Amino acid sequence: LDFRIESKKPNSKPDPFFSWLVNGEKGKEVFQGKKFFLYSGDQDESWGPTMSLNVENAKKLIEANGGQVLEWVRDSNGGHMGFLRTPAIKEKALRYFIELTPSGS
């Protein structure tokens, strides 16, 4: 929410990417035609439940800038690596990728 990407560095500055995205410097359709699969774990080792609040904000930014969130998996018991450590979630994301990849690519 504060646009920092390093939770363990209290003096870290907001990432410039988020600044230009929020300020509309690249236009409101910067994610037009792009599809996203999001994951967050409420037990994130660095961010805790704030990680899911950050991902919720990311979802809003993606959609406000022309992108489509295919699915957001919010795992109340998951940690930072929950996406990779949970076969069902990883499989779900891979299925989206396979279905959306043109044949012959």
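Atom set for the values below is all heavy atoms of this structure, side chains included, hydrogens, waters and symmetry mates excluded. Note that the structure is a prediction, hence the values are computed from the model and not measured.
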Considering all heavy atoms of both residues, which atom of I89 and which atom of F37 are nearest to each other, and what is their separation? O-CZ, 4.0 Å

Value for CG (L21) from CG (L61), rounded to nearest 0.5 Å, stands at 5.0 Å

Between E29 and N65, is there a side-chain heavy-atom distance shorter than 4.5 Å? no

Can you tell whether the side chains of R95 and E99 come within less than 4.0 Å, N to carboxylate O? no

Just verifying a value: how many Å separate E56 CD and L38 CG, rounded to the nearest 0.5 Å? 11.0 Å

Value rounded to 0.5 Å, distance of CD in Q43 from OG in S52: 9.0 Å

When you look at D42 and R74, which way does the side-chain contact (heavy atoms from CB on, under 4.5 Å) test go after all the steps? CA-CA 7 Å; D42 289 348; R74 181 175 179 173; 2.9 Å; yes

Separation between CE (M81) and OG1 (T86), nearest 0.5 Å, reads 10.5 Å

Same apolar cluster (I L V M F W Y, side chains within < 4.5 Å links), W72/L84: no

Connected via hydrophobic side-chain network under 4.5 Å: V22 and V55: yes

Begin with the C-alpha distance, continue with both residues' side-chain angles, and end with the deciding distance and a verdict on side-chain contact (heavy atoms from CB on, under 4.5 Å) for F18 and N23. CA-CA 8 Å; F18 293 110; N23 293 333; over 6 Å; no

What is the distance from atom CG of D75 to atom CG of D44, rounded to the nearest 0.5 Å? 11.0 Å

So does G67 get a backbone contact from the side chain of Q32, meaning a donor-acceptor N/O pair under 3.5 Å? no

Within 6.0 Å of OH in Y96, more than 12 heavy atoms from elsewhere: yes

Is the backbone N or O of H80 less than 3.5 Å from a side-chain atom of E45, with the two atoms forming a donor-acceptor pair by type? yes

Test side-chain contact (heavy atoms from CB on, under 4.5 Å) applied to L70 and F36, step by step: CA-CA 6 Å; L70 299 169; F36 296 80; over 6 Å; no

Measure the CE-OH distance between M51 and Y39 for me, rounded to the nearest 0.5 Å. 9.5 Å

How far apart are the C-alpha atoms of E71 and V73, what are their side-chain angles, what is the distance that settles it, and do they pass the side-chain contact (heavy atoms from CB on, under 4.5 Å) test? CA-CA 6 Å; E71 187 168 343; V73 175; 3.7 Å; yes

